[in-house]
Amino acid sequence: MAKLNAAKSMGDGLSGPAPDYLSFHPVPSRPAFRPPEGAVDAHCHVFGPAAQFNFSPARKYTPVDAPASQLFALRDHLGFARNVIVQATCHGTDNAAMLDAIARSKGRARGVAVIEKDTSDTELARLHDGGVRGVRFNFLKRLVGDAPKDDYIRVAARAAEMGWHIVVYFESDELADLAPFITSLPGTIVIDHMGRPDIANGLEDPGFARVRGLMDREDRFWIKVSCPERLTVAGPPYGDVVPFGRKLVADYPDRVLWGTDWPHPNMRSHMPDDGALVDMIPQIAPTAELQRKLLVDNPMRLYWPEEQAND
Ligand SMILES: O=C(O)c1cc(C(=O)O)oc(=O)c1
């Protein structure tokens, strides 16, 4: 069990404020499941190091240092080939740490940014050249302050100009209010962490029905079958979440993505073993074809369309 004091051993990045949640698992197991060639961890983050990259003064949590070197070591340890690095709220709209990690990845990472509504065209071009292919809208009140919908609409228009998609993170019980706004956004929309259904209600959960309603309504909606550790009631190995991931992969095989969510910000109940998260994949994607779509074809189509294998 990773403890807060483990964070102390995570190098000197903690010269800043102490982190207020668990540090990532120090020795993740090697998964029994071997991901297919070219597998993509399509949702992960880098934090700091604090000494080099400032955390946002508006942040709602203070992260541990989680640098690119450790993300890429985990990628190799788990048997993945590429990463999609998602800007985390603790860095606000300062995408420097994410861009730096992409630059260090030797072409094996792309990014999702958080930008201001008045971001210049020059900055958008710099982000695109730096590997950004999407923007993120975070609607969780515990993570960000409320932004006017007009701001999101402006950002969404800028993203559409760049050919980028929009990643949205919301609680499924807020979707009743959010859905009209989300369906008004242009382009491809990717829903984070299964849309956060209430696992305790089982597959009939009304929030999960609303999320599936979005997926059924338009092919431009995609969804990440990630973060069982955030959603579980039962705890590891997250057997209560498997039916949710399995249903999403079965019903939307060409529009699902998977990610570790390393370094797992804001986890307090426990810290998942990333190797165990990988070993959940065969339970939610039970065939080699579904695994290849989930881990290779779908993320490549969205993040490396210029390289997409023409199979
Ligand atoms: O549930 C969370 O706390 C969380 C936070 C962030 C972030 O701060 O960006 O990203 C995630 O994917 C999940």
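Predicted model only: the values in this text are computed from it and were never measured. All heavy atoms count here, side chains included; hydrogens, waters and symmetry mates do not.
Q87 approaches D94 most closely through the heavy-atom pair NE2-O, 2.9 Å. Nearest approach of V144 to N138, heavy atoms of both residues: CG2-O, 3.1 Å. Taking both residues in full, the closest heavy atoms of G239 and P243 are given as O-CD, 3.3 Å, listed atom of the first, atom of the second, then distance. The minimum heavy-atom distance linking F47 with A88 is given by the pair CE2-CB, 3.3 Å. Residues S56 and T89 come closest through the heavy atom pair CB-O, 4.3 Å. Of all non-hydrogen atoms in A68 and A101, the two that sit nearest each other are CB-CB, 3.6 Å.
Under the 4.5 Å side-chain criterion, counting only non-hydrogen atoms from C-beta, F170 is in contact with I191. With a 4.5 Å cut-off on side-chain heavy atoms, K141 and E174 count as touching. In this structure, L71 and N83 have side chains that are in contact, with non-hydrogen atoms separated by less than 4.5 Å. Contact check for L78 versus P35: no side-chain heavy atoms found under the 4.5 Å cut-off. By the 4.5 Å heavy-atom criterion applied to side chains, V27 and H25 are counted as neighbours. Contact annotation: the side chain of V40 approaches that of W304 to within less than 4.5 Å [non-hydrogen atoms, C-beta and beyond]. Counting heavy atoms from C-beta on, the side chains of F208 and S172 never come closer than 4.5 Å. Counting heavy atoms from C-beta on, the side chains of M280 and V242 come closer than 4.5 Å.
When the side chains of ILVMFWY residues are joined at heavy-atom separations under 4.5 Å, either directly or via intervening members, L99 and L124 end up in a single hydrophobic cluster. Cluster membership for L175 and I199, using ILVMFWY side-chain heavy atoms within less than 4.5 angstrom, is shared. If you chain together hydrophobic residues whose side chains sit under 4.5 Å apart, I102 and I115 fall into the same group. Under the 4.5 Å side-chain contact rule for hydrophobic residues, I281 and V241 share a cluster. Under the 4.5 Å side-chain heavy-atom criterion for grouping Ile, Leu, Val, Met, Phe, Trp and Tyr, V114 is not connected to Y303 through any hydrophobic cluster.
Of the charged side-chain nitrogens involved, at least one lies within less than 4.0 Å of a carboxylate oxygen, so that K247 and D251 count as a salt-bridged pair. Remark: R255 engages D219 in a salt bridge, criterion side-chain N to carboxylate O under 4.0 Å.
By the 30° and 60° cut-offs, the orientation of the rings of W164 relative to H128 is parallel.
Atom-to-atom distance recorded for D279:CG and S29:OG is 6.5 Å, nearest 0.5 angstrom. Put simply, CZ on R158 and CD1 on I153 are 14.5 Å apart, with the number rounded to the nearest 0.5 Å. Interatomic distance, CD of E116 versus OG1 of T93, reported as 3.5 Å (0.5 Å rounding). With rounding to the nearest 0.5 Å, the separation of CG in L214 from CD1 in I182 is 6.5 Å. Separation of atoms CE (M194) and CZ (F244) is listed at 8.5 Å; rounding is to 0.5 Å. Note that CG of D205 is 5.0 Å distant from CG of D198, once rounded to the nearest 0.5 Å.
You'll find the ring centres of Y152 and F139 inside the 6.0 Å limit.
Side-chain contact annotation: T260 with D274, donor-acceptor N/O pair under 3.5 Å absent.
In this structure, the salt bridge (charged side-chain N to carboxylate O under 4.0 Å, His left out) partners of R104, at least two apart in sequence or on a different chain, are D100. In this view, A276 and D273 satisfy the side chain to side chain contact (heavy atoms under 4.5 Å, CB included) rule, not counting sequence neighbours. Contacts of N266 classified as side chain to side chain donor-acceptor pair (under 3.5 Å), with partners at least two apart in sequence or in another chain: none. For the side chain to side chain donor-acceptor pair (under 3.5 Å) test, residues two or more places apart in sequence or in another chain that qualify with R110 are E306.
With F221 as reference, I189 is the one residue of V190, D216, T188, I189 to meet the side-chain contact (heavy atoms from CB on, under 4.5 Å) rule. Just one residue in the list R301, R108, R82 forms a salt bridge (charged side-chain N to carboxylate O under 4.0 Å, His left out) with E307, and that residue is R82.
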> Can you list the steps and then say if L185 with F137 is a side chain to side chain contact (heavy atoms under 4.5 Å, CB included)?
Replying inline: CA-CA 11 Å; L185 296 171; F137 293 171; 4.0 Å; yes
>> Evaluate Y169 against R196 for side chain to side chain donor-acceptor pair (under 3.5 Å), listing each step before the verdict.
In response: CA-CA 9 Å; Y169 190 30; R196 294 189 67 103; 2.7 Å; yes
>> Would R126 and E123 count as a salt bridge (Lys or Arg N to Asp or Glu O under 4.0 Å) here? Give the steps.
In response: CA-CA 5 Å; R126 188 179 78 88; E123 174 65 3; 2.8 Å; yes
> For E171 and L178, what are the C-alpha separation, side-chain angles and deciding distance, and is it a side chain to side chain contact (heavy atoms under 4.5 Å, CB included)?
Replying inline: CA-CA 10 Å; E171 299 277 7; L178 266 177; over 6 Å; no
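Using a distance-only test at 3.5 Å, with no hydrogens or angles considered, a donor-acceptor pair links the side chain of N298 to the main chain of P253. In this structure, the side chain of R246 engages the main chain of Q283 through a donor-acceptor pair within 3.5 Å. Looking only at distances, a side-chain donor or acceptor of H165 sits under 3.5 Å from a matching main-chain atom of R133.
Sequence neighbours left out, the pairs with a member in residues 221-239 that pass side-chain hydrogen bond (donor to acceptor under 3.5 Å, both in side chains) are H43-K224, D192-K224, H193-S226, E229-H264, R230-D261, T232-D240, Y238-H270. The ring pair (Phe, Tyr, Trp, His ring centres under 6.0 Å) pairs that include a residue from residues 78-108 are F55-H91, F80-W258, where partners are two or more places apart or lie in different chains.
When the shell of 6.0 Å around CD of E218 is examined, it contains more than 12 heavy atoms from other residues, nucleotides or ligands.
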